[in-house]
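Just so we're on the same page: letters track the sequence lines, and every chain starts at 1. Since we're looking at a predicted model, the values are computed, not measured.
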Amino acid sequence: MFQWFHRLAASKNFYRLAEILGPLFGVLGAILLTLGVYRGLFVAPTDYEQGESYRIIYVHVPSAWMSMFVYMVMAFCSALFLIWKMKLADIIAEVSAPMGAAFTFLALATGSLWGKPMWGTWWEWDARLTSELILLFLYIGYMALRASIDNRGSAARAAAILALVGVVNIPIIHYSVEWWNTLHQPASITKFDTPSIHISMLVPLLMMALGFTFFYFTNMLSRARSVILEREANNNWVKDRFRENRL
Amino acid sequence: MGGAFWALLKRDMLLAFRRRADWLNPLVFFVIVVTLFPLGIGPDPGLLRDIAPGVLWVAALLATLLALDGLFRSDFDDGSLEQLLLSPQPLSVLVLAKVLAHWLVTGLPLLLLSPLLAVVMQLQVVAIPVLLVSLLVGTLTLSLVGAIGAALTVGLQRGGVLLALLVLPLFIPVLIFGSSSVIAAASGFAVDAQLYLLGALFLLALVLAPPAIAAALRISTE
Amino acid sequence: MGGAFWALLKRDMLLAFRRRADWLNPLVFFVIVVTLFPLGIGPDPGLLRDIAPGVLWVAALLATLLALDGLFRSDFDDGSLEQLLLSPQPLSVLVLAKVLAHWLVTGLPLLLLSPLLAVVMQLQVVAIPVLLVSLLVGTLTLSLVGAIGAALTVGLQRGGVLLALLVLPLFIPVLIFGSSSVIAAASGFAVDAQLYLLGALFLLALVLAPPAIAAALRISTE
Amino acid sequence: MLLAQDLAVFRGEHCVFAGLGFELRSGEVLQLHGDNGSGKTTLLRALCTLLPLEQGTISWRGSALPGARAQYFSEMIYSGHSEAIKSDLSPRENLIAGAALRGSDSIDIDAIIERVGLSDKAELSCRSLSAGQRRRVTLARLLTSHTALWVLDEPLTSLDVHGRALVEALIVEHAKQGGSVIYTTHQPLSLDGCDVRSLKIGL
Amino acid sequence: MLLAQDLAVFRGEHCVFAGLGFELRSGEVLQLHGDNGSGKTTLLRALCTLLPLEQGTISWRGSALPGARAQYFSEMIYSGHSEAIKSDLSPRENLIAGAALRGSDSIDIDAIIERVGLSDKAELSCRSLSAGQRRRVTLARLLTSHTALWVLDEPLTSLDVHGRALVEALIVEHAKQGGSVIYTTHQPLSLDGCDVRSLKIGL
Ligand code: HEM
Ligand SMILES: Nc1ncnc2c1ncn2[C@@H]1O[C@H](COP(=O)(O)OP(=O)(O)OP(=O)(O)O)[C@@H](O)[C@H]1O
Ligand SMILES: Nc1ncnc2c1ncn2[C@@H]1O[C@H](COP(=O)(O)OP(=O)(O)OP(=O)(O)O)[C@@H](O)[C@H]1O
Ligand SMILES: [Mg+2]
Ligand SMILES: [Mg+2]
């Protein structure tokens with residue numbers, strides 16, 4: 001098991017795997033996203049309470065989920081990198097950060113677009129909104145730290161420490177914000193928790209969520225590939241591939 | 001081990017004593033930020049009283065933050081930090097001594113001055129003891145957590161603002177529990193829950209921060 | 001003379017471009033400080049709207065202040081400042097180029113982001129143009145005035161906090177006119193008087209600050 | 001005592017050196033030679049574990065380094081390009097703090113200060129010392145703890161002729177007492193009666 | 001060209017030197033001698049008006065200094081203990097910015113970089129240069145503007161033997177072209193064919 005893991009972690013093997021999986025995930029993601037968009041926008045019924053504007057949910061909720069999922073991936077890879085010095089894990093963490101930040105931003109933007117018709121304001125200091133905003137700061141801090149350190153090895157380890165410190169902090173932030181918010185205000189605005197969602201709305205939502213996940217993996221793998229090429233430009237296998245024109 | 005801890009603590013206190021600016025400045029910054037608010041917002045006493053706990057806590061947080069930048073920087077600039085890393089003593093203990101000295105020099109005076117500013121901001125008198133306790137535990141936690149950021153950014157030319165960016169998200173729970181304890185006290189509610197949570201955060205930071213700081217310092221001197 | 005001005009401006013912009021952190025950080029700091037307030041004060045929208053102009057202005061002021069610390073420091077540390085002083089070109093012109101580059105890198109992005117934060121703080125939409133104008137003139141003035149403080153403290157190890165101490169009193173008039181213009185606009189009053197006063201402060205700073213900065217730099221490198 | 005095998009260090013993408021190895025025994029002195037930018041500082045910092053190795057092992061008294069770090073640190077002292085002097089403290093205070101940090105306390109600070117020629121500056125703040133006087137404080141630091149291995153990066157920087165003679169005497173003495181020294185300098189150093197080996201770095 | 005009369009400089013309460021005077025003519029080279037802490041750096045910085053004089057006057061081409069500052073600055077260049085290099089810029093960018101600041105533009109930067117032996121590092125960020133390579137950038141700066149007076153504080157710091165030969169050649173050349181140089185170093189420098197005078201500072 002461990003040996004398998006190590007062989008995969010060699011960038012050459014990973015590169016080859018990514019070459020296969022990337023397009024595969026890409027196709028799957030594209031199918032799911034098309035289906036999800038179609039069913040979400042045209043097939044799913046209009047919400048009797050919110051009208052058409054609720055359809056933002058098909059972008060908003062998947063991106064909100066992805067924003068958290070990507071941070072977990074990043075933190076997990078950072079731990080792998082710090083403990084076992086797996087360079088591949090560092091690469092995955094590095095390329096995931098901007099994508100996670102983008103998902104977070106998308107969740108914030110769509111949520112805020114949705115908030116205008118729903119609550120009448122672009123922004124409320126609601127618990128969930130606030131902790132999503134802080135998550136964006138964590139991503140930006142992570143990327144800024146990486147960008148500020150010239151030496152790549154040092155940058156990678158410093159960023160990994162920060163990601164791990166952040167992962168300890170995320171649940172703390174989450175609960176403190178929730179608690180802070182309910183302390184002052186009764187749950188007047190938490191319309192999120194409408195427990196039942198109709199199946200015709202749920203299916204496209206899940207399709208979109210899965211599609212977003214595949215999109216993330218496709219994009220992450222292709223970014224990882226280009227980083228591997230950049231870092232290993234001096235290695236023979238890269239040179240060979242370059243000569244044979246199949247990068 | 002204890003010897004090196006005390007020696008480092010003593011050295012840092014001596015240095016702070018030599019350059020009075022070190023402990024005077026965060027203090028004055030604290031005062032100035034608190035006084036800026038009435039100027040920016042307008043002198044309505046009701047409004048001021050409502051925002052007093054928040055402003056006091058935010059000002060304390062910003063003052064701590066500003067002071068943090070200097071925690072390892074001068075040691076880094078003159079090469080003392082390398083020597084610290086090459087010390088035979090365990091690095092996390094030495095790091096703890098530095099954080100403690102830093103808090104004694106910057107956090108403690110701020111704490112002692114806060115009742116005065118609370119009065120200026122029209123905060124209810126009953127809330128002042130809670131303000132003190134929350135600031136005591138809170139600024140200690142901020143110093144510990146912030147030291148991780150300071151260690152990560154010490155090698156960078158303009159670490160100051162990057163430091164702010166890195167640690168402010170980590171400071172938010174402390175800010176929330178700290179200020180909400182004071183708000184609760186001012187409204188006459190119980191504050192045990194908030195203070196226990198602050199204490200728990202402090203213990204967590206005390207255990208986890210020193211090794212993280214030590215690791216970050218080793219990276220920064222590469 | 002013009003040549004050296006542009007050369008220096010170009011060099012500083014190039015440096016800022018190389019280290020993205022320089023212009024990104026004050027920006028993010030601004031955002032974070034603005035978000036700290038609701039966290040410290042509580043999420044009541046009415047209260048937030050009342051204090052929004054003050055908080056936005058105080059946050060802009062603090063972000064400018066933090067960024068100021070780096071204005072001459074890296075040049076001082078590596079000896080470039082001495083070379084600047086030994087340049088045959090008039091020092092106040094060179095200094096103006098540095099301040100301008102600094103504002104373009106730190107003040108301008110902040111200005112561009114402020115409308116977004118105004119929305120987050122629930123500020124009335126009518127007040128946003130006034131917020132922009134007052135911040136434009138105001139941050140330019142703050143940069144010029146703050147540069148005097150930066151020049152005076154650049155030789156000191158932990159100038160950051162001392163700098164804050166020196167320049168905050170000078171910043172207060174700008175803060176008062178700036179935030180009161182936004183408060184007036186939000187309440188539907190006329191704002192000409194405040195904006196004219198801000199403009200006058202800016203012209204005053206433009207004339208008086210460069211020679212003062214030049215003199216301060218000569219003292220700091222002694 | 002110190003054994004380095006097959007060391008390779010990278011700065012960024014650039015391999016500074018590779019396949020470098022040497023052994024240093026008790027009483028031996030090793031001078032690193034090399035032009036500007038050949039990697040002397042890099043090697044010394046790597047020997048102090050301040051830089052990560054890309055490859056190779058360093059071992060101290062037979063045990064490999066990352067593990068034996070605590071013992072190694074208590075027996076070595078590094079004096080680099082930067083002086084590690086607090087400008088606000090006097091030379092004496094600097095030396096006392098430094099010694100305490102290394103865990104040595106029963107030393108005669110006055111004699112050491114006398115030895116490096118700073119007696120009349122011992123109580124001044126280090127800010128008002130000249131470049132060469134500050135260097136002398138770093139020389140004094142070498143004497144405040146009885147460590148077996150000295151790692152010196154350009155110890156002659158800013159020193160005048162008396163300073164150079166002092167460095168020579170200190171190294172010879174240390175080697176005679178069974179200590180070992182690794183140093184680098186671009187100036188000629190005459191270490192009579194010492195077992196000086198030299199290692200050339202760079203292509 | 002440069003005339004110093006009866007100079008006295010104090011640091012704090014302490015008189016570093018007093019009653020010091022000399023004249024430097026076109027084509028002359030002046031070496032300052034003195035032990036560590038004798039006041040060489042202090043004198044050089046005072047000559048650049050970076051330190052205030054307690055007493056005495058410095059005049060350039062006959063006019064006393066605080067007045068003739070603009071002309072003086074356009075004809076002199078100082079290279080001190082600190083290198084005045086932006087670590088984020090490449091050597092080339094550093095030199096271009098420096099030259100523009102001094103108002104000289106029509107220079108052949110490539111030839112100068114070649115001359116100081118940095119051709120293969122010209123586009124790297126200066127952060128990744130070694131101590132000696134950074135020094136070479138400061139040497140290149142001397143060549144980017146055609147100034148009459150060079151003021152050099154320990155220009156040999158961190159330089160290897162080739163570097164030293166380069167400094168010697170640069171000084172000799174500059175003096176031959178009618179420029180003048182004041183410098184200090186603790187290492188022997190052989191300036192053949194040059195009119196070298198020396199001034200001893202300190203008691
Ligand atoms: C800027 C504003 C907003 C932000 C930052 C935001 C953020 C989030 C986040 C982080 C989640 C994932 C929560 C989780 O799964 O634990 C989420 C889910 C969700 N959001 Fe938003 N949101 C915003 C506005 C809105 C608005 C205006 C609505 C509609 C009224 C809305 C409806 C939902 C729904 C229905 C879910 C799924 C709930 C669930 O999984 O239980 N959001 N949002
Ligand atoms: N942080 C860094 N990033 C990238 N390259 C670096 C870094 N530091 C040093 N180098 C490169 O490593 C090489 C060796 O540098 P090092 O400082 O070890 O040289 P040195 O032998 O000490 O030279 P000197 O005699 O000039 O002090 C140089 O060519 C330099 O360009
Ligand atoms: N800022 C200062 N305050 C007080 N005294 C100072 C200051 N700077 C230098 N001195 C004193 O002035 C004297 C001369 O210092 P200076 O740096 O000029 O010496 P130097 O000849 O350049 O020596 P070195 O060869 O070591 O570089 C020293 O004895 C020093 O103690
Ligand atoms: Mg070196
Ligand atoms: Mg000197």
- Query: By a 4.5 Å heavy-atom criterion (distance strictly below it), what part of A/Ile149 contacts chain B: side chain, backbone, both, or neither?
  - Reply: both
- Check each atom of B/Leu152 against the heavy atoms of chain A and say whether the ones under 4.5 Å are side chain, backbone, both or neither. both
- Task: Find the one option among A/Leu138, A/Leu133, A/Leu145 whose heavy-atom pairs under 4.5 Å with chain B are most numerous.
- Result: A/Leu145
- Decide if atom NZ of A/Lys239 counts as having more than 12 heavy atoms of other residues, nucleotides or ligands within a radius under 6.0 Å. yes
- Message: For A/Gly141 versus B/Leu166, what's the shortest heavy-atom pair and its separation?
- Response: O-CD2, 3.2 Å
- Query: What part of B/Ile172 is in contact with chain A, defined as an atom under 4.5 angstrom from a non-hydrogen atom: side chain, backbone, both or neither?
  - Reply: side chain
- Query: ring pair (Phe, Tyr, Trp, His ring centres under 6.0 Å) with A/Phe214: which residues, sequence neighbours excluded?
  - Reply: A/Phe25
- Query: Any side-chain heavy atom of A/Arg157 sitting closer than 4.5 Å to one from B/Arg218?
  - Reply: no
- Report the distance from atom CD1 of A/Ile134 to atom CZ of B/Phe171, rounding to the nearest 0.5 Å. 13.5 Å
- Message: Are there residues of residues 159-170 of chain A whose heavy atoms fall under 4.5 Å of chain B's heavy atoms? If so, which?
- Response: A/Ile161, A/Leu162, A/Val165, A/Gly166, A/Val168, A/Asn169
- Query: Can B/Ser180 and A/Trp179 be said to form a side-chain contact (heavy atoms from CB on, under 4.5 Å), step by step?
  - Reply: CA-CA 10 Å; B/Ser180 70; A/Trp179 199 66; 4.3 Å; yes
- Spacing of A/Tyr175 atom OH and B/Leu197 atom CG [to the nearest 0.5 Å]: 13.0 Å
- List the atom of B/Pro169, the atom of A/Ile173, and the distance in Å for their closest heavy-atom pair. O-CD1, 3.6 Å
- Minimum-distance pair of heavy atoms, taken over all atoms of B/Leu162 and A/Ala144: CD1-CB, 3.5 Å
- Who wins among B/Ile176, B/Leu165, B/Leu201 for the most heavy-atom pairs under 4.5 Å with chain A? B/Ile176
- Query: By number, which residues in residues 97-106 of chain A have some heavy atom less than 4.5 Å away from chain B?
  - Reply: none
Side chains of residues 203-215 of chain B: which donor-acceptor partners sit under 3.5 Å, not counting sequence neighbours?
none

